[in-house]
Amino acid sequence: MEENPNPEAQKFFDMLAIAQAPLWEGCEHHSELSASLVCLNLKFDYNMSEGCFNRMVQLMGVTMPKNNTMFCNFYQAKRSVQKLGLSCLKNDCCPNECMLYYKEISDKSITNCFFCKSDRYLTVNRREIEKKFPVKKM
Ligand SMILES: [Zn+2]
């Protein structure tokens, strides 16, 4: 005899079914969830601004058939992924990808890679104010 999932599991399965529905009827390549993940990865891989991301997904949306479920901004893309309990964490990493500044080594006082000694931060002077930015994030 098969047991029904508990209400919390059922809620997750329902959200998963919605997220995995095709972007439009007949779409064979992407669901709202997969499109969100691909677009969010592009945003982070290419350090895309939120404004650029929003315009790109809005263009994608208007080129699709009507009644599509394409999100139209960064907030909605993140939300469709977060509904499933998936989230995005960004951590500083070595520019040569030797190490990730994560957990106990996320402390901002650690300024060089343990392996290749590359700088963790890039210092920029703007209007006589010195600011430090991570060289690379993952
Ligand atoms: Zn390194």
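One-based numbering, in listed order, for ligands and for the atoms of each.
- Every residue was checked against the ring pair (Phe, Tyr, Trp, His ring centres under 6.0 Å) condition with Y101, not counting sequence neighbours, and none meets it.
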Result block: side-chain N/O donor-acceptor pairs under 3.5 angstrom for residues 130-138, not counting sequence neighbours:
residue : atom : partner : partner atom : Å
K136    : NZ   : E97     : OE2          : 2.5

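- In this structure S118 satisfies the side-chain hydrogen bond (donor to acceptor under 3.5 Å, both in side chains) test together with N96, sequence neighbours excluded.
- The environment of Y102 atom OH is sparse: at most 12 non-hydrogen atoms of other residues, nucleotides or ligands sit within 6.0 angstrom.
- At distances below 3.5 Å, at least one donor-acceptor pair connects side-chain atoms of N68 with backbone N or O atoms of P65.
- Counted within 6.0 Å of CG on N67, heavy atoms from surrounding residues, nucleotides or ligands total 12 or fewer; the atom is thus considered open.
- Any protein N/O/S atom under 2.8 Å from the Zn ion (ligand 1) was counted, giving 4 altogether.
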